[in-house]
Amino acid sequence: VQLQASGGGWVQPGDSLRLSCTASGGTSNFGTIAWFRQTPGKEREGVSCLRRGDNFKAYGGSVKGRFTISRDDAKNTMYLQMNSVNPDDTAVYYCAARYGRIITGRCLDQSVYEFWGQGTQVTVSS
């Protein structure tokens, strides 16, 4: 399984951006999907996750209310809609997935994910 992230780029504060992540073998078998981000010198941070079945979603504190995670299994794609971005959102964004449905408390734990995309750079500046 290979994940391919795309949609990053340069945007201004307050703009919107949608990241996409396609899976070579399809996304329908993934029980949990997620997005993470990382800036130089910092640990990778959980941005959002989505669990199949009950549609449970979790968001990191700094993006709550601004970002939305979703998936479209018919298109083999997962998304991260980013609204009202600010310079603190500047990072390399990674998509991740696992076959199993993860327990709630570990949804934003990067160690539980089996598959990772290569990352897409998002830069927010004026």
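The heavy-atom pair separating T27 from T77 by the smallest distance is CG2-N, 3.7 Å. Scanning both residues, R98 and V112, for their nearest heavy atoms gives NH1-O, 2.7 Å. The shortest heavy-atom contact between S126 and P13 is N-CD, 3.8 Å. Taking both residues in full, the closest heavy atoms of I69 and I33 are given as CD1-O, 4.0 Å, listed atom of the first, atom of the second, then distance. Between S84 and S16, the shortest heavy-atom distance links the atoms N-OG, 4.3 Å. The shortest non-hydrogen separation linking L108 to G60 is CD1-N, 4.0 Å.
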(request) Just do the side-chain contact (heavy atoms from CB on, under 4.5 Å) check on S24 and Q4 with the steps written out, would you? (result) CA-CA 8 Å; S24 59; Q4 180 74 36; over 6 Å; no
(message) Using side-chain contact (heavy atoms from CB on, under 4.5 Å), reason through N86 and R66 one step at a time and then give a plain yes or no.
(response) CA-CA 10 Å; N86 61 63; R66 300 187 297 120; 3.6 Å; yes
(message) I'd like to know whether V122 forms a side-chain contact (heavy atoms from CB on, under 4.5 Å) with L17, so could you lay out the CA-CA distance, the side-chain angles of the two residues, the decisive distance to 0.1 Å, and finally the verdict.
(response) CA-CA 9 Å; V122 173; L17 192 67; 3.8 Å; yes
(message) If you apply the rule side-chain contact (heavy atoms from CB on, under 4.5 Å), what do you find for C21 with Y94, and how did you get there?
(response) CA-CA 9 Å; C21 178; Y94 299 90; over 6 Å; no
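Of the charged side-chain nitrogens involved, at least one lies within less than 4.0 Å of a carboxylate oxygen, so that D73 and R52 count as a salt-bridged pair.
Residues L80 and F67 form a side-chain contact, since some pair of their non-hydrogen atoms from C-beta on lies under 4.5 Å apart. Within the 4.5 Å cutoff, the side chain of W10 has heavy atoms near those of the Q12 side chain. Counting heavy atoms from C-beta on, the side chains of T22 and K75 never come closer than 4.5 Å. S20 is listed as a side-chain neighbour of S6, based on a closest heavy-atom distance under 4.5 Å. In this structure, the side chains of C107 and K57 stay at 4.5 Å or more apart for every pair of heavy atoms. A 4.5 Å side-chain heavy-atom check between T120 and V92 finds every atom pair outside the cut-off. Under the 4.5 Å side-chain criterion, counting only non-hydrogen atoms from C-beta, R101 is in contact with D54. A 4.5 Å side-chain heavy-atom check between T104 and R51 finds at least one atom pair inside the cut-off.
L3 and L50 fall within the same hydrophobic cluster, where Ile, Leu, Val, Met, Phe, Trp and Tyr residues are linked whenever their side-chain heavy atoms come under 4.5 Å apart, directly or through other members. Cluster annotation: M78 and Y59 are assigned to the same hydrophobic cluster (Ile/Leu/Val/Met/Phe/Trp/Tyr, side-chain heavy-atom contacts under 4.5 Å, transitive). In the hydrophobic clustering of ILVMFWY residues, with side-chain heavy atoms under 4.5 Å counting as a link, V11 and V63 come out together. In this structure, V47 is not a member of the same hydrophobic cluster as Y113, with clusters built from ILVMFWY side-chain heavy atoms closer than 4.5 Å.
Note that CG of L19 and OG of S48 are 11.5 Å apart. Values are rounded to the nearest 0.5 Å. Note: F30 CZ to E114 CD = 8.5 Å, rounded to the nearest 0.5 Å. We find the CG-CE distance between D15 and M82 to be 11.0 Å, quoted to the nearest 0.5 Å.
Judged by distance alone, the side chain of W35 and the main-chain N or O of Y79 form a donor-acceptor pair under 3.5 Å. Between the side chain of T32 and the backbone N or O of G100, at least one donor-acceptor pair lies under 3.5 Å. Under the 3.5 Å distance criterion, the side-chain polar atoms of Q118 are matched with a main-chain donor or acceptor of A5.
F115 and Y99 have perpendicular rings, their planes meeting at more than 60° on a 0 to 90° scale where under 30° would count as parallel.
Judged by the 6.0 Å distance and 45° axis criteria, R37 is not positioned over the aromatic ring of Y93.
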